[in-house]
Amino acid sequence: MEPGELAVDVGNLTINQNKNSINEPQDSNIKAVTSGDTPYTSASTFEELNLSPELLKGVYVEMKFEKPSKIQAISLPMILNPPFKDLIAQAHNGSGKTTCFTLGMLSRVDPKLKAPQALCICPTRELAIQNLEVLRKMGKYTGITSECGVPMDHIPIHQRPPIMAQVVIGTLGTIKSWMSAKKLGVSFLKILVFDEADHMLAEDGFKGESLYIMENIKKLCSHCQVLLFSATFNDIVKNFTSMVVNDDHNQLFIKKEELSLESVKQYKVNVPDELAKVMVVKDRIFEFGERVGQTIIFVRTRNSATMLHRSLADLGYDCTTIQGALRQEDRDKIVKEFKDGLTQVLISTDLLARGFDQQQVNLVINYDLPVKHDNRTTPDCEVYLHRIGRAGRFGCKRAVFNLLCGETDNMIMSKIESHFGTKVAEVPDWRSEDDFKAALRSAGLL
DNA sequence: ATGATCT
């Protein structure tokens with residue numbers, strides 16, 4: 001902590017949950033570090049935030065929110081009030097981060113100025129589209145214009161008119177190309193958001209590209225508020241974030257011990273070979289899965305996504321698969337079908353590991369464990385947390401099955417367990433229907 | 001040899 005900064009333990013503030021989030025993880029120990037002597041009062045109602053009547057209507061009528069969640073109560077006064085300091089905020093999956101920066105963007109836009117004033121950068125096309133849908137819903141009565149910056153049509157960038165929308169939400173690559181083609185003016189930007197910020201700033205993530213955008217904007221904008229949001233910030237990224245925000249910024253972090261996985265029932269299943277993995281998926285997941293809601297199966301590579309999908313399809317099991325090599329239209333179609341509940345089981349690479357919000361998902365399968373890309377024997381604990389965060393965003397039922405094959409997998413799994421300080425129960429026999437039933441029952445799913 | 005974004 002910098003000298004002069006004030007650490008406030010806001011752990012005992014009243015928790016005001018959104019009506020519709022039954023099992024919102026308790027952000028019980030958010031550590032707030034506010035810089036300087038700017039006082040902030042936690043907002044117990046949305047009225048206190050001085051939102052426009054149109055925006056407030058969107059919050060209540062469209063979003064059906066009642067009161068700010070914990071992260072919203074603490075972060076929104078920091079985001080919405082002068083001097084509009086930069087913010088680094090960590091909060092649990094499903095705790096309402098999107099609402100924080102969406103309200104931030106919508107309320108800082110000057111409706112009369114028809115130019116990009118808020119920009120949100122996301123790691124994937126799917127997340128950008130999802131975030132834009134939330135923003136349009138929340139901002140329905142404001143008349144604020146928005147545009148999705150993802151590769152969509154086949155019109156070359158140079159044949160496009162300049163972007164006029166007041167809020168732009170998009171993926172890194174598209175935003176970057178729009179900027180270098182001078183189609184996205186940033187002179188009037190007031191607020192810049194990085195969703196899944198730790199990944200956006202990670203060395204093995206999108207660090208270089210993010211810095212390009214950041215520097216480009218800072219050259220043309222004297223004062224643009226920067227918000228960094230994620231459920232995870234490892235120590236390396238955490239240290240680096242101070243390089244991209246103003247020295248005089250606010251921070252909200254969750255204690256590592258508090259980032260617990262308690263609300264998810266985790267299991268490990270030892271299998272002898274890959275065929276056994278496929279058999280577990282078809283005999284257990286398909287048998288029980290449909291009864292307990294939707295399922296996402298995470299695999300490591302695009303190729304194994306395709307292979308698993310083919311194996312299951314050959315056996316007559318109905319599921320879909322998504323990965324970055326598919327055509328954009330196909331990706332959109334598969335996500336839409338899944339969100340509409342038309343498909344029950346979706347196989348995915350880590351494309352959907354972060355941020356993807358589908359409340360009916362109650363089961364997550366780690367067909368392959370999440371590992372570092374430069375070292376396949378090292379677990380990627382951040383990705384693990386994000387993957388299991390896809391399950392049970394609504395209601396209190398959720399389970400994760402980790403399929404382990406061989407010594408290395410067991411070693412990786414035990415490293416994940418010790419990293420989070422949790423013990424993952426083992427399903428004794430992968431062939432036993434009763435063992436799976438017992439596991440699902442214990443998770444509250446049967 | 002491998003996830004994610006663009007030109």
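Numbered from 1 within each chain, the chains take letters A, B, ... in sequence-line order. What you see is a predicted model, and the numbers here were worked out from it, not measured in a lab.
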N or O in side chain of [X] less than 4.0 angstrom from [N] OP1/OP2:
X	N	value
A:Arg302	B:dA4	yes
A:Thr174	B:dC6	yes
A:Thr171	B:dC6	yes

Side chains of A:Tyr384 and A:Asn366, heavy atoms from C-beta outward: is any pair under 4.5 Å?
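They are in contact (side-chain heavy atoms under 4.5 Å apart), so the answer is yes.
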Would you kindly give the [atom1]-to-[atom2] distance between [X] and [N], to the nearest whole Å?
X	N	atom1	atom2	result
A:Ile322	B:dA4	CD1	P	10 Å
A:Leu127	B:dG3	CG	P	20 Å
A:Asn375	B:dT2	CG	C1'	12 Å
A:Lys207	B:dA4	NZ	P	22 Å
A:Lys372	B:dT2	NZ	P	20 Å
A:Arg387	B:dG3	CZ	P	12 Å
A:Trp178	B:dC6	CH2	P	11 Å
A:Lys176	B:dT5	NZ	P	14 Å

From B:dT2, B:dA4, B:dT5, pick the nucleotide closest to the side chain of A:Arg125?
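So the side chain of A:Arg125 is nearest to B:dT5.
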Measure from the side-chain heavy atoms of A:Ser177 and tell me the nearest of B:dC6, B:dT5, B:dT2.
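Out of B:dC6, B:dT5, B:dT2, the nucleotide with an atom closest to A:Ser177's side chain is B:dC6.
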Any side-chain donor-acceptor pair under 3.5 Å between A:Glu426 and A:Asn270?
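A:Asn270 and A:Glu426 do have a side-chain donor-acceptor pair below 3.5 Å.
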Given A:Phe436, which of A:Phe401, A:Trp430, A:Phe288 fulfils the ring-ring contact (aromatic ring centres under 6.0 Å, His included) condition?
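Single ring-ring contact (aromatic ring centres under 6.0 Å, His included) partner of A:Phe436 among A:Phe401, A:Trp430, A:Phe288: A:Phe401.
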Using a heavy-atom cut-off of 4.0 Å across all strands, would you classify A:Asp374 as base, sugar-phosphate, or nothing?
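Nothing, no heavy atom under 4.0 Å.
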Considering heavy-atom distances to DNA chain B, does A:Ser304 or A:Gln328 have its closest nucleotide positioned more toward the 5' end?
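Here A:Ser304 is the residue nearer the 5' end.
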Do NZ/NE/NH1/NH2 and the carboxylate oxygens of A:Asp198 and A:Arg354 come within less than 4.0 Å?
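Result for this pair is yes, salt bridge flagged.
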Check whether A:Glu126 reaches the backbone of A:Phe356 with its side chain - one donor and one acceptor, N or O, closer than 3.5 Å.
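No, A:Glu126 side chain to A:Phe356 backbone: no donor-acceptor pair under 3.5 Å.
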